[in-house]
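Structure record follows, encoded as C-alpha cells.
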Amino acid sequence: MNEEESKSIGEQPEKTPVAPAEEKKEREPLFHITKRDGVTWKQAIGIRALAILAALVFSALVTVVLTRDNPLSVYATLVKGAFGKGRTLVTIHDIAILLCVSLAVTPAFRMRFWNTGAEGQTLIGGLATALVMFGLHDKVPTAVLVLLMLLAGLAAGAVWGVIPAVFKAQWKTNETLFTLMMNYVAIQLVQYFLKVADKSGSNVVGPRLLGDGIPNLFGVPYLFNILVVGVLTGVLYVYLRYSKHGYEISVVGESENTARYIGINVKKVIIRTMVLSGLICGLAGFLIVGGASHAVNPDIVGGRGFTAIMVSWLGKFNPLYMILTTLLIVFMGRGADEISTQFGLSTSFSDILTGIILFFIIGCEFFIRYQVHFNRRKKAETAEEKEES
Amino acid sequence: MEPKLALQLKGISKRFGNVIANNKVDLDLRYGEILAVLGENGSGKTTLMNMIAGIYYPDEGEIFVNGEPVAIQSPKDAFDHRIGMIHQHFKLVDIFTATENIVLGIDDGKKFNLAEAEKSVSEITERYGFEMNPHKKIYNMAVSEKQTVEILKVLYRGADILILDEPTAVLTPQETDKLFAVLRRMREDGKSIIIITHKLHEVMAISDRVAVLRRGEHIATVETAESTEASLTEMMVGKKVSLNIERDEPKGPVDRLEVRGVNCVSPEGVKLLDDINFTARAGEILGIAGIAGSGQRELLEAIAGLQPLESGEIIYHNPQTEEAEDLRNKTPQQIRELGVRLSFVPEDRLGMGLVGNMDIIDNMMLRSYRRGKSIFLDRKQPHALADEIISSLEVVTPNAQTPVRRLSGGNVQKVLVGREIASAPTVLMAAYPVRGLDINSSYTIYNLLNGQKKNGVAVIYVGEDLDVLLELCDRILVICGGKISGIVDGRTATKEQVGLLMTKVGGETPKEKEVTGA
C-alpha cells in the first residue's frame with residue numbers, strides 16, 4: 001500500500017462544496033471487471049488450456065507439499081490408471097455409461113427442467129431389466145430376452161421420468177425436489193427386490209440369479225454398450241439441433257411466454273421431453289445391468305445421475321462437447337484411484353486432485369465471460385505512479 | 001481559473017467488450033441548472049449517467065464534483081458526493097409505505113425514528129410542491145406517485161445533483177407538467193439536475209442547456225434558448241430528418257375484428273378488462289392510448305389467444321370466406337388453424353416475441369417451423385426470409401446467425417416486426433413498437449405500419465407518445481383502468497382531450513372506479 005491510498009477520504013461524505021486546496025485523492029479501485037462481447041473459439045480454447053495447465057501446476061504443488069511424492073510420477077500414474085494396459089476398455093465403457101446418463105438429462109436441461117432424478121430413473125431401469133433377467137433368463141432365447149430386458153428398462157425409466165413431468169405441467173410442482181425424491185423411492189424398491197430375490201441375505205443379486213444378460217459382441221466385453229451410446233450421442237445431437245421437437249425444447253427452455261405466444265403446447269413439450277429423458281435413463285440402466293454388471297444393487301448407478309448434471313452443464317448441453325467432459329471426468333476419477341493405490345494415499349487425496357481440476361475448469365468460464373482490467377493509469381496532475389500491488 | 005462546476009466529466013470512456021458505449025465524453029453541469037441529455041438509443045446516455053451514479057466505473061477519464069476529482073465506485077459513494085439518480089425502473093419495496101421506502105437503507109448512526117423521518121419527508125414535499133401521502137403503501141400507488149417516492153428518496157439523502165433517466169416515459173401530459181414544475185422549484189433552490197429524455201418538446205420546455213450524444217461521443221452542449229427541435233434532431237442523428245408522419249385516408253374500411261363485451265379477470269381476482277367494445281377496420285390504424293398498465297397488454301393478449309376471457313366475444317370477419325369466426329378462448333395455434341392471419345408484435349420483445357439466445361434465422365422460424373410433415377426443421381426458407389428482412393429493413397447485424405439479444409433495441413424490433421409482417425397478416429397488433437427506439441428506427445416502423453394499412457390490414461397500435469398517436473392513427477381508443485373511456489378521431493382530437501380521457505375512468509384504485517363509472 002502506498003501513501004496515496006491510505007490517505008483516501010472515500011468514506012467521509014463531503015458536506016461543503018468548498019474544497020480545501022491541498023491534494024485530496026480518492027482511492028481508485030485496483031481492477032474492475034467488464035463483460036466480454038464474446039470471445040473467438042481460439043481464445044476460449046486458449047483460456048481453457050491455460051486453466052488445465054494451471055490446475056496441473058497447482059495440483060503438483062499440493063502433491064509435493066502434502067505427500068512429498070514426485071508430481072511427475074504421480075501424473076504418470078494418473079495416465080496409467082486410466083489408459084494403462086488392460087484398462088482402456090473399462091475406461092471407455094465408464095465413459096460410455098456416464099455419457100449415456102448425461103445425454104439423458106440434457107434434453108430436460110435444455111428445457112430448463114432440472115432433472116436431478118437421473119440416478120433413480122437409471123436405477124429403476126436397471127431394476128426392471130434385472131427383473132426380466134431374474135424371471136426369464138433360462139426360459140427364453142437370448143435375442144428375445146435381450147429385447148424384453150430393453151423394453152422393460154425403457155418403460156421403467158420413462159415412468160420414473162414422466163411422473164414429475166406431469167405434476168410440473170399440471171400443477172407447477174418443483175421438479176428438482178420431485179425428481180430428487182423419486183431417487184429414494186427407486187433405491188428402496190431395489191432393496192426390497194434384493195430381500196425378496198435372494199433369501200440368503202446378500203445385498204447383491206448377481207449373475208447366479210440373473211444369468212449372463214447381453215452377450216459379448218465379437219467376443220469383446222462392453223462393445224455393445226459402447227456402440228449403443230456412440231450411436232445415441234449422434235442421434236440426440238441431431239434431434240436437439242435439427243428436429244422440430246428439439247426446436248420446441250429450446251423455445252420452451254428459453255422463454256415459456258414465447259412458446260405460448262407462438263402456440264406451442266408447453267405442457268405437452270414438458271411431458272414429451274421428460275419421457276425421452278426417462279427413456280434414455282432406462283436405457284442406461286439396461287446397459288449397466290444387462291451389459292456390464294449382470295447384477296443389481298442400490299449402488300450400480302454409483303452417483304452418475306448426479307455427475308451427469310455436471311457433465312451436461314460443462315458440455316453446454318451439447319452432446320458432442322459432452323464426450324470431452326465425460327472423458328475428462330472419468331479419466332480423472334480412474335487415474336486418481338490408481339494414485340491412491342500406487343502411492344498408498346487415502347482416496348480422499350484423489351478427490352482433492354479432481355476437485356482442484358474441476359475448480360479450475362469451471363472457474364475459467366468466468367474469464368471467458370468477463371475481462372479483468374487492472375488500473376495502471378497515472379494521474380497527470382500529480383505525476384505519481386501507482387505501483388502495482 | 002474557470003468558475004467551479006457542480007459536476008464535470010473529462011474524457012470519460014466506457015467499453016463493453018467490443019462496443020464503445022462512451023468515448024472520451026466531456027460534460028459539465030453548473031450549479032442550479034437543468035441540463036437535458038439528448039441522444040438516440042445506444043448513444044450512451046444511460047451508461048454515462050450510470051458512471052456518475054456509481055453503477056459502472058469508467059475505463060478512462062475523470063469525474064470532478066465541486067471541482068475536486070472523485071472516484072465513484074458505488075451508489076453509496078455517489079450519495080456521499082450528494083449525487084442521486086432516479087432510474088427508469090423503480091426500485092421500491094411494494095409492501096412498505098412511502099416513508100419507509102425513503103428511509104430504507106440509511107445508516108447515519110442515529111437511532112431509527114420513523115416519526116422524525118416522516119417530518120423531514122413532509123418538509124421536503126412541501127418545499128418542492130410534491131403531492132404525496134407519506135403513509136401510502138407502494139402497491140396502492142400509481143406510477144407517477146412511485147416516481148415521486150424515488151425522487152424523494154434521493155432528496156432525503158441530501159442530493160444536490162439529481163439525475164433523472166427518462167422520467168416522463170411513464171407519465172401522462174398532465175403529470176409531466178407537474179413534474180416539470182417540481183423540477184423548476186428544485187432548480188430555484190440551487191439543485192443541479194440532469195434529465196434524460198427522447199422527447200424534444202420536453203427538452204425545449206424544461207432545460208437550460210442540452211448536451212447531445214451520438215454513438216457514445218459528446219457532440220455539443222448548447223443553450224436551449226438558442227436551438228430548435230430541428231437543429232437538435234440534426235445534431236442527434238447526424239443528418240436532417242423529416243419529422244412528419246404520413247397519414248392517408250383509409251380506403252373503403254370494412255369491419256375486420258369486433259370485440260364485444262369482453263371481460264378479463266386476473267388469477268388474483270382483479271378485473272383486468274371491463275366490458276370492452278370496439279371494432280377494428282381493415283385499412284385503418286386504430287390507436288390505443290392509456291397510462292401504462294391500464295389493460296392494453298391484456299386486451300391484445302386476449303385477442304391473440306393468450307389471455308382467457310371471463311365473458312364476451314371476439315369476432316373475426318374472414319375476408320376470404322366471408323365468415324365470422326369467434327376467437328374466444330382459442331389457443332394461438334387454433335386461431336391460426338382457422339385461417340385467421342393475426343400478427344402480434346408484443347410489448348416484451350425478447351421475452352415473448354423473440355428468443356434472445358437464438359439467431360435471427362431460428363427466430364424467423366418461430367411462426368413457420370411447423371410447416372411440412374418432416375420431423376426435421378427446414379432452415380432454408382427462414383434463412384432467406386432473415387436475409388431479406390436484414391437487407392430491406394437495414395438491420396445492423398454481423399450476419400443472420402447472430403443471436404438477437406446481441407442486436408440493439410431498434411434492430412431487435414425490426415426483426416420482430418419484419419417477421420410478423422412477412423406472414424401477410426389481415427390483422428396486425430403492435431404493442432409499443434417504438435419504445436426505446438431511436439428516431440430513424442421509429443420512422444421505419446411507422447412507415448411499415450402505414451404500408452400495412454395501405455395493403456388493407458387492420459392495424460392496432462398501442463402507443464405511449466400522444467403526439468405520435470395523434471399523427472399516425474385514424475381513430476384512437478383510450479383505455480383507463482381496464483375500461484374504455486372514449487374513442488376519438490385521430491384527425492380532430494387534441495392531446496389534452498386524450499390526456500384527460502387517460503385518467504378519466506377511475507384512476508388506479510378500484511374504489512374510485514366504482515364511483516365514477518362510465
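Just so we're clear, the structure is a prediction, and the values are computed from it rather than from any experiment.
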Could you tell me whether [X] atom [atom1] has more than 12 heavy atoms of other residues or ligands within 6.0 Å of it?
X	atom1	answer
A/Phe366	CZ	yes
A/Arg112	CZ	yes
B/Tyr156	OH	yes
B/Arg336	CZ	yes
B/Gln381	CD	no
A/Trp114	CH2	yes
A/Phe367	CZ	no

_B/Leu366 side chain near A/Thr258 side chain, heavy-atom distance below 4.5 Å_ =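 With C-beta onward as the side chain, the pair touches.
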*asked:* Just so I know, are the side chains of A/Val251 and B/Tyr369 near enough to count as touching, which here means a heavy-atom distance under 4.5 Å?
replied: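 A side-chain contact is absent here, since even the closest heavy-atom pair is not under 4.5 Å.
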*Which of B/Arg370, B/Arg367, B/Lys14, B/Gln334 touches chain A most, by non-hydrogen pairs under 4.5 Å*: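 Result: the option with the highest number of such pairs is B/Arg370.
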*What residue, out of B/Gly356, B/Pro346, B/Ala304, has the most heavy-atom pairs lying under 4.5 Å from chain A?*
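The candidate making the most pairs under 4.5 Å is B/Pro346.
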If I measure from the heavy atoms of chain A, does [X] come under 4.5 Å with its side chain, its backbone, both, or neither?
X	result
B/Ile335	neither
B/Arg349	neither
B/Phe344	both
B/Met365	both
B/Asp378	neither

*Just by distance, with hydrogens left out, do B/Arg379 and A/Tyr247 show a side-chain donor and acceptor under 3.5 Å apart?*
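Note: B/Arg379 and A/Tyr247 side chains miss the donor-acceptor criterion.
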With distance as the sole test, does [X] use its side chain to make a donor-acceptor pair with the main-chain N or O of [Y] at under 3.5 Å?
X	Y	answer
A/Arg260	B/Leu306	yes
A/Ser255	B/Gly351	yes
A/Lys244	B/Ser374	yes

_Using a 4.5 angstrom heavy-atom cutoff, name the option from A/Glu256, A/Glu248, A/His245 with the most pairs to chain B._
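Maximum pair count with chain B is reached by A/Glu248.
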*Would B/Phe376 and A/Tyr242 count as a close aromatic pair, with their ring centres under 6.0 Å?*
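No, they do not, as the ring centres are separated by 6.0 Å or more.
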